[in-house]
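Quick notes on the structure that follows.
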Amino acid sequence: MRFIRYVLGLLLLAQASVAGAVLNIEIIGAGEHQIPIAIVPLGGDSKLAQTINEVVTGDLQRSGLFRLVDPTGKSPHELAEVSYADWQVRGAEALAIGTVAVQANNRIEARFRLLDVVKQTGLVGQVVSASEGQVRAVGHRIADLIYERLTGDKGVFSTRIAYVNRQEQRYRLIVADSDGYNEQIVLTHSEPIMSPSWSPDGSHLAYVSFETRHAAVYVQSLYTNQRMVVADFRGSNSAPAWSPDGKQLAVVLTRDGSSQIYLIRPDGSGLRRITFSGAIDTEPNFSPDGQYLLFTSDRGGSPQIYRMPLDGGLEQRLTFGEGNNFSPRHSPDGKSFVFAHLISGKFYVAVQDFQTGQMSLLTEGGWEKKPSFAPNGKIILFASEARGRGILATVSSDGRVKQHMFTQSGDAREPVWGPNF
Amino acid sequence: MKKLIISIVLVNLLVACASEKPKETVAAPEPVAAPAPAPEPKAEAPVAAPAAPVRAEVDPLNDPNSILAKRSVYYPFDVAAVQDEDKPTVQAHARYLSEHANRKVRLEGNCDERGSNEYNLGLGQRRADGVKKMLELGGANAGQSESVSYGEEKPRAKGHDEASWKQNRRTDLIYAR
């Protein structure tokens, strides 16, 4: 088995990192079938190896799909050092080994192998390299490789999330790794920030800022920090959503009366109104094929989820029954959508299948808002509350595994999972 | 000093009377003939009160007993129409604005947390727009008011209960200085 070379091409974000922003993560529940895997800390540079080990084991554990087998006492780093019997005895079905070193050019290089303990064969052999200071990125990449090879689904550990941190009168728009670490501040202001939305290539965020004392939509580059105003008409300008090709944004404006949905180019040109209800139409979200918009509307008397084809066909109501529904987002495969369901004073994360119309609740209820899918459709990120604070939370798409992520201080709000890029 | 206090009390009494007039004149406390020390405590030298009363323009906006001192209107859950009990307040502000063309007011719509942030932004805007419309119907110029929404972003009370929520479902009237 030979190594495939993988160079992490992550561009360094222009923003300063938040010093010492350590998270506290709690995991609740477990997947139905957990794969027993032994992760041997990499040989070589022990400090790097320790960090990488923490990231890899943390990622796999949080997915709920793996059971970590204790490697204590055995530490093979090369294929020749592996005795499969040692691991069969411990009940492991997979084994990860390798080495890490700092190269002459200061790049981190990890040589990593994933082995099938039962069949006694190699599954993956790869060199993962990244620039100095991106040691966590190396760990996320290794975790992705393991996850992909053993579950058949694409890994999302290397993706990023965006959210707003509110602390007293200070609002910060933050981008972080999928595990909440490596926070970088995109914008800080004393006025509220809302509704961050990732461009499909992950290079820009659209968001709502109240810095001019009313809601206006901005687009900001995560690499150069440059930003521009997309919509700043009178009243409120909000709810930006990117089309899958990145060429248009759906936004919500009140310039012609109540909140209505418009299309606009990211440079602010080509404004076109697309809903004409006189009700509140908001929270547009494009289908993955770009043909439909999901949105929230109270045109029927209470806030519910609707869908409209962008070529001008009939708008269709999708949610019925008791309770109110908000914040719809398509699943990456376009077959279902996730949303916030409010009933009897509690918010739940809910999913509904387009074909069957069947709704199911994924959480026990509380202040659970703004759900969004990970790019692989297997995990849903949402805003929740615990111990009197706004926190980030995730739930697996089957509802079995949940985790709470506590940021160091303040309330976490308005999270959204970024794309694979 | 005692005299000053007495004369302020007197002004307040007069204003109170003025605002108890029949309903059609709801908002308009007429300019009151005030004894020398006008509302601002540091106005002109405290001349003996009864001597030579000066006819001073008292801005009713600064009068804590005027209906204009009420600067918030409140709503039931998911409702944006100004409620009957708050209509006199909005109408009084409309009349004030129509009589003070240089005055400007900012209308900030707010909501409780039982909705998505974005839905609430729309609802808060609808609340503020409703007040704006009522001001204009009452004689204010369109340019005298600006309506914006903060949705659920600026709660006055932070509890997850009706006692907090009812304070957060409101439109604030904020006059430019």
Side-chain angles (χ1 to χ4, degrees), chain A residues 164 166 169 171 191-195 208 210 212-216 234-241 252-255 257-260 278-284 295-298 301-304 324-328 339-340 342-343 345-347 366-367 369-371 383 385 388 411 413-414, chain B residues 75-81 104-133 136 142-166 168 171-172 174-177:
Chain A
V164 176
R166 178 178 72 182
Q169 292 307 305
Y171 296 81
E191 291 289 331
I193 301 167
M194 274 174 57
S195 303
V208 175
F210 288 73
T212 57
R213 299 182 74 220
H214 76 145
R234 72 180 181 85
S236 294
N237 307 263
S238 67
V252 172
L253 310 179
T254 62
R255 55 169 241 162
S258 70
S259 300
Q260 296 285 286
I280 293 175
D281 293 343
T282 189
E283 304 186 298
F295 60 99
T296 307
S297 177
D298 71 343
S302 67
Q304 299 294 342
N324 294 338
N325 296 296
F326 304 91
S327 312
F339 55 102
L342 170 66
I343 189 159
K346 276 186 172 182
F347 279 92
W367 291 95
K369 291 183 172 187
K370 206 72 187 283
E385 202 185 77
D411 294 311
R413 300 159 63 79
E414 302 279 288
Chain B
Y75 305 86
F77 175 62
D78 205 11
V79 166
K104 288 193 168 161
V105 68
R106 199 174 131 84
L107 310 169
E108 296 183 352
N110 295 275
C111 302
D112 72 31
E113 59 191 351
R114 290 174 297 165
S116 61
N117 275 14
E118 283 288 353
Y119 179 79
N120 281 332
L121 191 68
L123 180 60
Q125 185 71 41
R126 200 189 253 169
R127 285 175 175 162
D129 286 347
V131 173
K132 180 174 171 62
K133 194 167 283 175
E136 288 167 19
Q144 282 181 278
S145 65
E146 182 197 11
S147 52
V148 302
S149 174
Y150 283 107
E152 61 174 86
E153 288 289 327
K154 291 196 168 180
R156 192 178 275 172
K158 292 192 173 158
H160 293 318
D161 48 41
E162 179 55 24
S164 294
W165 293 333
K166 71 179 185 189
N168 297 337
T171 297
D172 292 328
I174 299 164
Y175 280 89
R177 317 228 290 150

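Predicted model only: the values in this text are computed from it and were never measured. Below, chains carry the letters A, B, ... as their sequence lines are ordered, and counting in each starts from 1.
When the candidates B/Arg114, B/Glu113, B/Lys158 are compared by the number of heavy-atom contacts under 4.5 Å with chain A, B/Glu113 comes out ahead. Counting heavy-atom pairs closer than 4.5 Å to chain B, the top-ranked of the candidates A/Pro303, A/Ser258, A/Ser195, A/Ser297 is A/Pro303. Ranked by non-hydrogen atom pairs under 4.5 Å with chain A, the options B/Gly151, B/Gly122, B/Gly115 are led by B/Gly115.
When heavy atoms are compared at a cutoff of 4.5 Å, A/Lys369 approaches chain B solely by way of its side chain, counted from C-beta outward. For chain B, the nearby parts of A/Arg213 are the backbone and the side chain; heavy atoms of each come within less than 4.5 Å. Contact annotation for A/Ser236: both backbone and side-chain heavy atoms come within less than 4.5 Å of a heavy atom of chain B. In this structure, the portion of A/Val208 lying under 4.5 Å from any heavy atom of chain B is its side chain and not its backbone. Both the backbone and the side chain of A/Ser238 have a heavy atom closer than 4.5 Å to some heavy atom of chain B. Both the backbone and the side chain of A/Ile280 come within contact range of chain B, with heavy atoms under 4.5 Å apart. Of the atoms belonging to B/Arg126, it is side-chain heavy atoms, and not backbone ones, that fall under 4.5 Å from chain A. Of the two parts of B/Ser147, only the backbone, made up of N, CA, C and O, holds a non-hydrogen atom closer than 4.5 Å to a non-hydrogen atom of chain A.
A 6.0 Å sphere centred on NZ of B/Lys154 holds more than 12 heavy atoms belonging to other residues, nucleotides or ligands. By the neighbour-count criterion of 12 heavy atoms within 6.0 Å, atom CZ of B/Arg156 is densely surrounded, having more than that number from other residues, nucleotides or ligands.
Taken from OH in B/Tyr150 to CE in A/Met194, the straight-line distance is 12.5 Å, to the nearest 0.5 Å. Taken from OG in A/Ser327 to CG in B/Asn117, the straight-line distance is 8.0 Å, to the nearest 0.5 Å. A distance of 7.0 Å separates CZ in A/Phe326 from CG in B/Asn120, rounded to the nearest 0.5 Å. Note that NE2 of B/His160 and NZ of A/Lys346 are 11.5 Å apart. Values are rounded to the nearest 0.5 Å. Between the OH atom of B/Tyr119 and the CG atom of A/Leu342 there is a distance of 11.0 Å, given to the nearest 0.5 Å.
Taking all atoms of both residues into account, the shortest heavy-atom contact from B/Asp129 to A/Gly257 is OD2-O, 4.1 Å.
With 3.5 Å as the limit, one finds no donor-acceptor pair spanning the side chains of A/His214 and B/Glu146.
One N or O on the side chain of B/Glu118 and one on the backbone of A/Ala239 form a donor-acceptor pair closer than 3.5 Å.
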